[in-house]
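Note sheet for the following structure.
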2 protein chains.
Amino acid sequence: MAEPAAPAPGRQRVLDAAAERLVEQGYAATTLRQLAADAGIKAGSVYHHFASKEDLFIAVFNRGIEVMVEAFDRVEAVEPLERLGAHVRAHLGALFEHGSYTAAHVTAFFTAPPEVRAEVVPQRDEYEHRWNDLLADVFPDLPADRRPLTRLLLFGSMNTTIEWFHLSGSLSLDDLAAIITSQFVDGIHASHPIRSAR
Amino acid sequence: MAEPAAPAPGRQRVLDAAAERLVEQGYAATTLRQLAADAGIKAGSVYHHFASKEDLFIAVFNRGIEVMVEAFDRVEAVEPLERLGAHVRAHLGALFEHGSYTAAHVTAFFTAPPEVRAEVVPQRDEYEHRWNDLLADVFPDLPADRRPLTRLLLFGSMNTTIEWFHLSGSLSLDDLAAIITSQFVDGIHASHPIRSAR
DNA sequence: AAGAGTCCCTAACGTCCGTTAGGTTGTCCT
DNA sequence: AGGACAACCTAACGGACGTTAGGGACTCTT
């Protein structure tokens, strides 16, 4: 009998539910019984797919990075400024347009126990490395030892948008990406002059 | 008998412990038994000082805002650019130099249940209002409806420093504040030119 | 037809949680 | 001296948690 619209296997439904709950509740407050109920199975059955709660959430966090990396690698722009803007847009896209995994990673990573975080660090490093290389390429005069700091400031602005930005609002994700990019590159100074000293 | 160095009352020790645990563990993972042990009392005794776990953490979050507001109001600079830099420095000071309350607020606010968050929103609004006014004053040409967004981007950069900055490192808090301020005002463009299109 | 493997269930385990009732001690006020 | 009150204790409650053992139903392979 042909399945209509492929009902999504249980394992995937648990992962999806975990990502969504993580965003709203964090690691500790998200219970396996909740996830099981969300996915339409019973709590004990979660252990057919995952060895433990930690194991499950490691999978969620890693998927969150995967989504970011995929979005990053999909960018094709070549002209420096355009490239940077496209990557900012891609990062925001990963946060808001490709499920809850990246959002879960960004909001809940630091609420997870150290053992879980440790398991995810290598993949994180890979994504950060991509951005360091991008900065090196776009801003050749930026000293190498300033790249991580610069990236962290940009990440700070981009990642905290999940706390206040909503796709349903009047601002589009394209607009937001453009604003963040120009703010990052030219600062507020360029378009909005500082009041002169009196 | 004169108390040597005022042994800090139990209520205060519980609050301090709560702020520190919040930074490391978030709301749900922090238990009253832990806090009591940290403060040198027993779990049941916490209820002599606070009506509930929620009540306790509302006090912690509000104190976190208080510290920020106090730091903000302590700034005396008048020249626009200098003022902005001083406020950035003050905000970072609240995060790193005046106990864990502000850090707890910034990292754990969104891990707290909605009822707790709701109780803290008014004080948050007051602090955000101060910053909106500051931006209006320093950047008179910045449209009023862009102020909140601009503030959120700056807050994003400043607040996420708690995830990676350490006072013990080679970078001082003064340095960090200066970098964030100039990055915010002039962008990366000013000091580090973009690679020209090829 | 038999066996293996997948997916899920029920029922329970030990543990820890927030919270409460009631008691003890010490200090201060009158 | 006595009462009030603050600060803490012990001991327990009901409930929820992560996890496990063992079994049922179904599909696929041989």
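Every chain is numbered from 1, with letters handed out A, B, ... down the list of sequences. Just so it is clear, the model here is predicted, and its values are computed rather than measured.
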Over 60° means perpendicular and under 30° means parallel, so tell me whether Y127(B) and H91(B) are parallel, tilted or perpendicular.
parallel

May I have the distance from R21(A) (atom CZ) to dC17(D) (atom P), rounded to whole angstrom?
11 Å

Rounded distance in Å - NE2 (H49(A)) to C1' (dT6(C)):
9 Å

Just the rounded figure in Å: distance from P of dT19(C) to CG of L32(B).
6 Å

Geometric class of the F165(A)/F96(A) ring pair [parallel <30°, tilted 30-60°, perpendicular >60°]:
perpendicular

Taken to the nearest whole Å, CD/Q34(B) to P/dC17(C) is 7 Å

Atom pair distance, as rounded to whole Å: CG in L35(B) and C1' in dG18(C)
12 Å

Salt bridge (charged side-chain N to carboxylate O under 4.0 Å, His left out) for R63(A) and E70(A)? Distances and angles first, verdict last.
CA-CA 10 Å; R63(A) 177 69 192 138; E70(A) 286 168 11; 3.5 Å; yes

Side chain of I41(B): nearest nucleotide among dG18(C), dT19(D), dC9(D)?
dC9(D)

For atom NZ of K53(A) and atom P of dC17(D), their distance in whole Å
9 Å

Please name the pair of heavy atoms, one in A77(B) and one in A86(B), separated by the smallest distance, quoted to 0.1 Å.
CB-CB, 4.3 Å

Which is more 5' along DNA chain C, the nucleotide nearest H48(A) or the one nearest R33(B)? Just name the residue.
H48(A)

So CH2 of W131(B) and CG of L154(B): to nearest 0.5 Å the spacing works out to 5.0 Å

Residues K53(A) and A28(A): closest non-hydrogen pair is NZ-O, 3.8 Å

Using five base pairs at each end to define the local axes, how bent is the helix from dA1(C)-dT30(D) to dC28(C)-dG3(D), to the nearest 10°?
0°

Within this structure, what is the CD-to-P distance between Q12(B) and dA6(D), rounded to whole angstrom?
18 Å

Geometric class of the F61(A)/F57(A) ring pair [parallel <30°, tilted 30-60°, perpendicular >60°]:
tilted

Output the rounded distance in Å from CZ (F57(B)) to P (dT19(C)).
11 Å

For A51(A) and for K42(B), locate the closest nucleotide of DNA chain D by heavy-atom distance; then report the residue assigned to the nucleotide nearer the 5' terminus.
K42(B)

Side chain of S45(B) - closest among dC8(D), dT19(C), dG18(D)
dC8(D)

